[in-house]
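Reading through the structure tokens given below for one structure.
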Amino acid sequence: MIFGGLQKNSFIDYPGKISCVLFLSGCNFNCPYCHNPDLAKGCLKCPHFLKESKVYDFLEKRMGFLDGVVISGGEPTLQSDLVLLCERIKNMGYPVKVDTNGSRPDVIKRLVDKGLVDYLAMDIKTDPFHYSPLIKKDCDYESILSSIRIIMESGLPYEFKTTCIKPLVDEQVIRSISHIIQGAMLYALQQFHKTEVLQPEFFRKNIYAYTFDELMLLKSVAEPWVEACIVRN
Ligand code: SF4
């Protein structure tokens, strides 16, 4: 298990709970706007690299103060011992939320079937049929669609979210995604704020930003198809 960082307190990452966030290192996607480039690249020498024992010590000490643990990344489902990590955290009594890019439906299914996750959040980057080449070369859209199905049928609270950046996301893309996730519990459209990113060259070539009003227009496209749609800025 490679921990790329720990956020000790968060009021926004796990709905309704005060949580900490564990960032697992490494990702199989290459989102231009990824604001955790070190984590995505899976760098063992990243400045925030943490030993596993330190993470468990921290969680032991915070029992009674934190309401939940978020496991994020990078892409957590790439770590071979994610199931063990979730099991250990659940045994401490913490509810667990897992953030995923949806590329490993088999892992999501295992977590659900074993009762090791309490909330799932999946990024849908763009129309699942068009992840290649910008998000991932040769992306298998079936994996993305399977993850969506597993999450919607899990019986757990969940959300889908899309970071809205031109030209990856437009009205037609939001329409396609909304059709695929028809009836979803929650769909969040996230405004992009430029910080450090994985592919700086992308931002030199493109006009990427959506204004808040434009995001509200995208929301109106998605809203009829899902139970709730929100804009996060
Ligand atoms: S934003 Fe994309 S590249 Fe970055 S960690 Fe998430 S899925 Fe991976």
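For ligands, and for the atoms within them, numbers begin at 1 and follow the listed sequence. Bear in mind the structure is a predicted one, so any value in this text is a computation, not a measurement. Note that these values count all heavy atoms, side chains included, but never hydrogens, waters or copies made by symmetry.
Counting heavy atoms from C-beta on, the side chains of F58 and K54 never come closer than 4.5 Å. By the 4.5 Å heavy-atom criterion applied to side chains, N9 and F65 are not counted as neighbours. Looking only at side-chain heavy atoms (C-beta outward), E75 and S103 come within less than 4.5 Å of each other.
Each of the following atoms of ligand 1 lies closer than 4.0 Å to a heavy atom of N101: 7 (S). Remark: ligand 1 atoms within the under-4.0 Å shell around heavy atoms of G74 are 5 (S). Which parts of ligand 1 touch K125 is read off a 4.0 Å heavy-atom cut-off, strictly below it: atoms 1 (S), 2 (Fe), 6 (Fe), 7 (S). Each of the atoms 3 (S), 5 (S), 7 (S), 8 (Fe) of ligand 1 lies under 4.0 Å from some heavy atom of C27.
In this structure, a donor-acceptor pair under 3.5 Å is absent between the side chains of Y94 and S19.
In this structure, CD in Q199 is found 4.5 Å from CG in N30, a value given to the nearest 0.5 Å.
For C31, heavy-atom contacts with ligand 1 shorter than 4.0 Å involve the backbone as well as the side chain.
Not a single N/O/S atom of C34, whether from backbone or side chain, sits less than 2.8 Å from atom 2 (Fe) of ligand 1.
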